[in-house]
Undergrad: 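Have a look at the structure that comes next, please.
Because the structure is predicted, anything quoted here is derived from the model rather than measured. Scope of the values below: all heavy atoms of this structure, side chains included, with no hydrogens, waters or symmetry mates. Throughout, a chain's letter reflects where its sequence line sits, starting with A, and its residues are numbered from 1.
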There are 2 protein chains.
Amino acid sequence: MRHREPTSKTRNAKLMSAELQTGINSNLIAATPREALAEPGWLRSVPPATLDMLAKHAVLHRMPAGSTLFEQAETPSFALLLVAGRVELLGVRSTEETLVEIVEAPDLLLPAAVLSGQPYLLRARVLDEVRIVMIQAEAFRDAVTSDHALCLAVLACQATQFRRQTMHAKNLHLRSAEERVGCYLLKLLEGRTTNTSVRLPIEKRLIASQLGMTRETFSRTLPVMIRHGLRVEGDVVHADDISAARLRFHLDPLVDGNEPIIPLQVKGK
Amino acid sequence: MRHREPTSKTRNAKLMSAELQTGINSNLIAATPREALAEPGWLRSVPPATLDMLAKHAVLHRMPAGSTLFEQAETPSFALLLVAGRVELLGVRSTEETLVEIVEAPDLLLPAAVLSGQPYLLRARVLDEVRIVMIQAEAFRDAVTSDHALCLAVLACQATQFRRQTMHAKNLHLRSAEERVGCYLLKLLEGRTTNTSVRLPIEKRLIASQLGMTRETFSRTLPVMIRHGLRVEGDVVHADDISAARLRFHLDPLVDGNEPIIPLQVKGK
DNA sequence: TTTAGGCATTGATACAAATCAATGCCGAGG
DNA sequence: CCTCGGCATTGATTTGTATCAATGCCTAAA
């Protein structure tokens, strides 16, 4: 494997620039909870007063990769708003873990649990380094019940997460391991033409778990892709023959679609 | 198989009485959309004026088992409120189907799609005979954006569905086929003692798909349960030795829990 | 009454993916 | 510099579950 580079550094760098784009006032990285609350696009239509109120009961935190944000069965004391970075949500059974979802900033972590005051069903572990706003659960619920715009924003967020989870389930149950890998690679290459190459965005072991298979199976499946025009060397994907790949694997917007969070707007009666 | 009875009739009877209990004004079955909208408990705190408004753009329908309510990839033109009965939501790929969720009244069918105006990710097929209120999608979205209480109710509904989906995923990925069957039976017997028996609430082929396995596997797994104190004859479950069963299979509230829809209440600023 | 079709059961077999195991590689830390 | 630990690869083997196939049962229609 020749093409390897200090992956974590490269990725953090990439992440930082992505992070900036998501913000509205993108010239500076938020240093206070209040600033961080201004970043996610889907909170745009929430009145500043409400954000102020939330910020008053919130702290901004930075957590390194690997940290556990909360444990399965814990009752949420904070609403966690992911401002930058990625988090994996895992179902746990003693030592077994199964990845249920990957959450990318900007998004809320399991708002369902916070809203209903029920225990988390999943463990949350940091993938990249993250920045999160921790809002006291009670304050968060109060804000949702007193501000209609925020309620709509959270609803949109929850709805999108629901659809993502559905897509994930369909991907796992309706496609073979080989197809999942093929589609994953194809999606990375979306819009590209033959002879370009892309870097895998995360470690292979994480891709494997995202695709619901073991590292080993993933590893074994990669060489197979060569006969469909996709070659993976180290963490670089080479598109030798993209049309061949598209012939074999079919991206489906109802499975592979990227759906952004788009809140509805409050309307007077 | 001796114990069989005209299953569909028995079950419909059971369903009718259950249906009555869910209503608030349970003495009569709703005949108009407006009456039907008064039934679900989680719509209780929505102002009558809003329900009136919804009812104005709605019709009440009855559909027999087996009907398809909507197809995958369709763009929703109605919000479907399930007032009575059960619906299965299936991921479809050409001829392959995979059950993603079973929705029981009273609940909304995939509010996420309706709210975001995106195509359905799943097919909806009627299990038992259902009664549904079909509310024009536009009117539904308008109501959600203009009435905070309704917005909260829908949010609660969406949140609960999210958690159910998470539980379902955990059940499938963290337990073996045998455990899923064991836990399913154990849950039917919750609160019962040894030597009681229960009837399976739905056909075996449906239980199998709910548990993410084929009929055949389910069928083969049932006899195995005998060594753990559970005996299934026809559609009757006999609890020969419940404590033995509980020793082998462990119900987990984070997987097997029944979570009701409990909306938050609007609060003034 | 006969017949046809759906569901359930049972057996034989196939197969995809997990598991177990060994090795190589690379980067971090002593 | 060497060494240790995580990740990736590759091979051998197992195993859980699906698939294919045949039969029986019950119900509903002819």
Side-chain angles (χ1 to χ4, degrees), chain A residues 1-12 64-66 93 95-99 125 127 171-182 199-226 231-237, chain B residues 1-12 64-66 93 95-99 125 127 171-182 199-226 231-237:
Chain A
M1 217 203 296
R2 207 111 305 271
H3 308 257
R4 229 167 210 304
E5 269 177 42
T7 54
S8 47
K9 278 174 207 162
T10 340
R11 277 170 198 143
N12 277 343
R93 182 183 178 187
T95 76
E96 242 49 78
E97 281 187 347
T98 184
L99 188 145
R125 191 191 304 134
L127 271 182
N171 192 28
L172 291 189
H173 296 317
L174 254 24
R175 301 216 260 232
S176 69
E178 186 181 324
E179 290 174 306
R180 296 199 295 274
V181 172
R199 189 150 299 203
L200 294 178
I202 48 177
E203 283 164 85
K204 289 181 177 174
R205 62 177 244 279
L206 294 173
I207 299 178
S209 84
Q210 195 172 350
L211 298 181
M213 65 189 77
T214 59
R215 288 198 281 256
E216 293 96 321
T217 302
F218 182 64
S219 208
R220 266 186 260 278
T221 310
L222 288 181
V224 178
M225 294 294 121
I226 295 177
R231 191 165 32 90
V232 179
E233 284 175 348
D235 60 356
V236 182
V237 189
Chain B
M1 215 205 296
R2 207 110 306 271
H3 310 256
R4 230 171 208 302
E5 269 178 43
T7 54
S8 46
K9 277 174 207 160
T10 340
R11 278 172 198 142
N12 277 343
R93 180 184 180 186
T95 75
E96 241 50 77
E97 282 187 346
T98 183
L99 189 145
R125 191 193 302 135
L127 270 182
N171 193 29
L172 292 189
H173 297 319
L174 255 23
R175 299 215 261 231
S176 70
E178 185 180 324
E179 288 172 309
R180 297 199 295 273
V181 172
R199 188 151 300 203
L200 294 178
I202 47 176
E203 284 166 85
K204 288 181 179 176
R205 61 176 245 277
L206 293 173
I207 299 178
S209 82
Q210 196 173 348
L211 298 181
M213 64 189 79
T214 59
R215 289 196 279 253
E216 293 96 321
T217 301
F218 182 64
S219 208
R220 266 185 259 278
T221 309
L222 287 180
V224 177
M225 294 294 120
I226 296 177
R231 191 165 31 92
V232 179
E233 285 174 349
D235 61 355
V236 183
V237 189

Undergrad: Sub-3.5 Å donor-acceptor pair from the side chain of A:R180 to the main-chain atoms of A:R175, do we have one?
TA: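 Answer holds: yes.
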Undergrad: Rounded to the nearest 0.5 Å, what's the gap from CG on B:L222 to CG on B:L200? Could you check?
TA: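 That separation rounds to 7.5 Å.
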Undergrad: What string of B, S and - do you get for nucleotides 11-17 of chain C, 5' to 3', if B is base contact, S is sugar-phosphate-only contact and - is no contact with any protein heavy atom under 4.0 Å?
TA: BB----S
Undergrad: Going by heavy atoms in the side chains, are B:Q210 and B:I202 under 4.5 Å from each other?
TA: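 Touching, per the 4.5 Å side-chain cut-off.
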Undergrad: Roughly how many Å is it from CD in A:E233 to C1' in C:dC25, rounded to a whole number?
TA: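 So the CD-C1' distance, A:E233 to C:dC25, works out to 16 Å.
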Undergrad: Nucleotides 22-24 of chain C: which of its N/O atoms have a protein N/O under 3.5 Å away?
TA:
none

Undergrad: Starting at CD1 of A:I207 and ending at C1' of D:dC7, how long is that distance when rounded to a whole Å?
TA: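 That distance rounds to 13 Å.
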Undergrad: Tell me every residue that passes salt bridge (charged side-chain N to carboxylate O under 4.0 Å, His left out) with B:E96, counting only those two or more places apart in sequence or in another chain.
TA: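 If we apply the salt bridge (charged side-chain N to carboxylate O under 4.0 Å, His left out) test to B:E96, skipping adjacent residues, there are no hits.
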Undergrad: Would you please name every residue forming a side-chain hydrogen bond (donor to acceptor under 3.5 Å, both in side chains) with A:R231, sequence neighbours left out?
TA: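 Partners of A:R231 by the side-chain hydrogen bond (donor to acceptor under 3.5 Å, both in side chains) criterion, ordered by chain and then number, come out as A:E233, A:D240.
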Undergrad: Take atom CG of A:L222 and atom P of D:dC7, then tell me their distance rounded to the nearest Å.
TA: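 One finds 17 Å between P of D:dC7 and CG of A:L222, rounded.
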Undergrad: What is the distance from CE of A:M225 to C1' of D:dT9, rounded to the nearest Å?
TA: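 Interatomic distance, CE of A:M225 to C1' of D:dT9: 16 Å.
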Undergrad: Locate the shortest heavy-atom distance separating B:R125 from B:G66; write the atom from each residue and the value.
TA: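 That would be CG-O, 3.5 Å.
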Undergrad: Give the rounded distance in Å between these two atoms: CG of B:L174 and P of D:dG16.
TA: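 Roughly 17 Å, once rounded to whole Å.
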Undergrad: Are B:M213 and B:V181 side-chain neighbours, meaning at least one heavy-atom pair lies under 4.5 Å?
TA: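 Yes; the side chains approach each other to less than 4.5 Å.
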Undergrad: Just jot down the side-chain hydrogen bond (donor to acceptor under 3.5 Å, both in side chains) partners of B:R220, sequence neighbours excluded, or say none.
TA: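 Not a single residue meets the side-chain hydrogen bond (donor to acceptor under 3.5 Å, both in side chains) criterion with B:R220.
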Undergrad: Using the side chain to side chain contact (heavy atoms under 4.5 Å, CB included) definition, which of the options B:L206, B:T221, B:N171, B:T217 pairs with B:L211?
TA: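 The side chain to side chain contact (heavy atoms under 4.5 Å, CB included) with B:L211 is passed solely by B:N171 among B:L206, B:T221, B:N171, B:T217.
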Undergrad: Roughly how many Å is it from CD in B:E203 to C1' in C:dT9, rounded to a whole number?
TA: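 Roughly 15 Å, once rounded to whole Å.
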Undergrad: Please report the shortest heavy-atom distance between A:R93 and B:L174, naming the atom on each side.
TA: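 The answer is NH1-O, 2.7 Å.
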Undergrad: D:dT17 C1' sits how many Å from A:H173 NE2, rounded?
TA: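 Interatomic distance, NE2 of A:H173 to C1' of D:dT17: 14 Å.
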Undergrad: With respect to the phosphate group of D:dA8, does any side-chain polar atom (N or O) of A:R215 fall under 4.0 Å of OP1 or OP2?
TA: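 So the side-chain polar atoms of A:R215 never come under 4.0 Å of the phosphate oxygens OP1 or OP2 of D:dA8.
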Undergrad: Atom CG of B:L211 to atom C1' of D:dG16: distance rounded to whole Å?
TA: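 Atom CG in B:L211 sits about 16 Å away from atom C1' in D:dG16.
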Undergrad: Give the minimum heavy-atom separation between A:L127 and A:A65, together with the two atoms involved.
TA: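 In this case the closest contact between A:L127 and A:A65 is O-CB, 3.0 Å.
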Undergrad: Using five base pairs at each end to define the local axes, how bent is the helix from C:dT1-D:dA30 to C:dG30-D:dC1, to the nearest 10°?
TA: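 About 30° separates the two local helix axes.
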Undergrad: Tell me which of B:S219 and A:F218 sits closer to the 5' end of DNA chain C, going by the nucleotide each one is nearest to.
TA: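 Result of the comparison: B:S219.
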